2 protein chains.
Amino acid sequence: MTYSEENYLKTIYHLTSMTEEAVSTNAIAEKMDTKASSVTDMLKKLAEKDLVNYIKYQGVSLTENGKLAAKMIVRKHRLWETFLVEKLEFSWDEVHDVAEQLEHIKSEKLINKLDDFLGNPTEDPHGDPIPDAEGRIIKVEKRLLSELEKNQSGICVGVKDTSSDFLKYLDKQEIALGSQIAIIEKETFDNSFKIRVGSKELMISNKIASNLYIQ
Amino acid sequence: MTYSEENYLKTIYHLTSMTEEAVSTNAIAEKMDTKASSVTDMLKKLAEKDLVNYIKYQGVSLTENGKLAAKMIVRKHRLWETFLVEKLEFSWDEVHDVAEQLEHIKSEKLINKLDDFLGNPTEDPHGDPIPDAEGRIIKVEKRLLSELEKNQSGICVGVKDTSSDFLKYLDKQEIALGSQIAIIEKETFDNSFKIRVGSKELMISNKIASNLYIQ
DNA sequence: AATATTTTTTAGATGCGTCTAAAATAAACT
DNA sequence: AGTTTATTTTAGACGCATCTAAAAAATATT
């Protein structure tokens, strides 16, 4: 499988993982910052290899083969991210670009040895689940902080948005995985929140609250 | 720099590192298992970027830019090999192919952090020197085992051939970096040797002796 | 339902790296 | 020196992944 095929597969996996529905050519093009025509070309190729179910004008979804292949790429990506943070002292906002490259290294032995070296982690530094060598994922039930009501609280277990900007913001506010977060006030006007993180209180917008997973 | 450009640069570096002379198109083609015409195309491209000195029909050598770039690739390759052996329990005959991929990962931070993580090693698992972040190489004076005379001895500090076959042979004979090796007898007929490794005696061909570095 | 708009696909072109076949140059040999 | 042989380069093609522009199909609008 080429580098490019892998990237398409991964994108389709992420776009379909929430909805379960077929995803549109345009959605893929937008996500990958490419043109719809390029996407169409690739979809034909992937369909040929039985990695996607593709019907002209009807969007695309992953076959079982495709799903497994995509999971293996996600597995690699998240294991490498874990390695970068845990062993090489990268911060969680710096790992994405490097992991994007590392995820394409082809060696089953490498990734399984890395998995062992890291102690077979089940989640990456952003709280996302790491598929095991068979593609199994341990699902943890988690909610968005924005779904909590006043006086409810929980522990931050993940982030939805993993952009560098967002992660840097969290670092600045000293919000990390494992942080205890309590809703002090919910502002009905703009749906912003007053929260307590550890011993500090702060205001966060609804957008922030909608990108933090709580357990 | 593309994946392919990096591979050419690395090959030219290795071919010129011994001789200091310009290297021929054919030599590169043979080493890379490709066609001379492909090499010519690439040499033009590399010359355009001031990475090689290339004169039609006269062979090619690295510019200072090219030499530094090549060293950085070699640095990455050897650091990754060290990582695989020291941290992920790969054996020294398994690391090459994976390191060939890993050496193309683009991130200065990654490679420098990896260097630190490994304790800034100066040599890889085959005894080859690892250039530092500025391209400096610590040269260790070493000789081929085949240059020793009867009753001389030394410590194995590296291998010239790093093929899987050769390394597996060494494992089988329990010859490793650090092994004490003494010449018991030199056979003038075929230039083979009777040697002692640790407490064991064995016969080795001249080809074997010509691929072991001793200090 | 007919038309306008949006989405998607096709057709054809480009850059990269590769190849084969043929031409040009260099080296080796009478 | 002239000829043969080997090496190297050029010319032209192909596969991959991408693009633009235009055509086709689906969706939305009136």
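Letters go in sequence order (proteins before strands), and every chain restarts at 1. In this text the structure is predicted, and so the values were computed from the model without any measurement.
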Could you list the donor-acceptor pairs under 3.5 angstrom formed between side-chain atoms of residues 80-87 of chain B and any protein atom two or more places apart in sequence or on another chain?
| unit_1 | atom_1 | unit_2 | atom_2 | d |
| --- | --- | --- | --- | --- |
| Trp80(B) | NE1 | Leu102(B) | O | 3.4 |
| Glu81(B) | OE1 | His126(B) | ND1 | 3.1 |
| Glu81(B) | OE2 | His77(B) | NE2 | 2.8 |
| Thr82(B) | OG1 | Arg78(B) | O | 2.7 |

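- Between Lys35(A) and dT18(D), a side-chain N or O to OP1/OP2 separation shorter than 4.0 Å is absent.
- One interatomic measurement links the two molecules: CG of Asp41(B) to C1' of dC19(C), which rounds to 10 Å at whole-angstrom precision.
- Less than 4.0 Å separates DNA chain D from no heavy atom of any residue of residues 1-10 of chain B.
- Scored by the side chain to side chain contact (heavy atoms under 4.5 Å, CB included) test, Thr122(B) finds Ile138(B) as partners (sequence neighbours excluded).
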Show every donor-acceptor pair shorter than 3.5 Å between a side-chain atom in residues 161-170 of chain A and any protein atom, with sequence neighbours excluded, or say none if there are none.
| unit_1 | atom_1 | unit_2 | atom_2 | d |
| --- | --- | --- | --- | --- |
| Asp161(A) | OD1 | Ser163(A) | N | 2.6 |
| Asp161(A) | OD1 | Ser163(A) | OG | 3.1 |
| Asp161(A) | OD2 | Ser163(A) | OG | 3.3 |
| Ser163(A) | OG | Phe166(A) | N | 3.3 |

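- Residue pairs meeting the salt bridge (Lys or Arg N to Asp or Glu O under 4.0 Å) criterion with at least one member in residues 58-67 of chain A, sequence neighbours excluded, are Glu64(A)-Lys67(A).
- Remark: Tyr57(B) pairs with no residue by the ring-ring contact (aromatic ring centres under 6.0 Å, His included) rule, at least two apart or across chains.
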Worksheet item: Could you run down nucleotides 2-9 of chain C 5' to 3' and tag each one B, S or - for protein heavy-atom contact under 4.0 Å?
Response: -----SBB
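- Rounded to an integer number of Å, the gap from CD of Glu30(B) to P of dT7(D) is 10 Å.
- Residue Ser38(B) places at least one side-chain N or O under 4.0 Å from the OP1 or OP2 atom of dC19(C).
- At whole-Å resolution of the value, CD1 in Ile28(B) and C1' in dT7(D) are 13 Å apart.
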Name every donor-acceptor pair, under 3.5 Å, that has one atom in a side chain of residues 185-194 of chain B and the other anywhere in the protein, sequence neighbours excluded.
| unit_1 | atom_1 | unit_2 | atom_2 | d |
| --- | --- | --- | --- | --- |
| Glu185(B) | OE2 | Lys150(B) | NZ | 3.1 |
| Asp190(B) | OD1 | Ser192(B) | N | 3.0 |
| Asp190(B) | OD1 | Ser192(B) | OG | 2.8 |
| Asp190(B) | OD2 | Ser192(B) | OG | 3.4 |

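- Counting non-hydrogen atoms of other residues, nucleotides and ligands closer than 6.0 Å to CD of Glu89(A) gives a total of 12 or fewer.
- The distance from atom CG of Leu46(B) to atom C1' of dC16(C) is 13 Å, rounded to the nearest whole Å.
- Within the structure, the side-chain hydrogen bond (donor to acceptor under 3.5 Å, both in side chains) test picks out no pair touching residues 29-38 of chain B (sequence neighbours left out).
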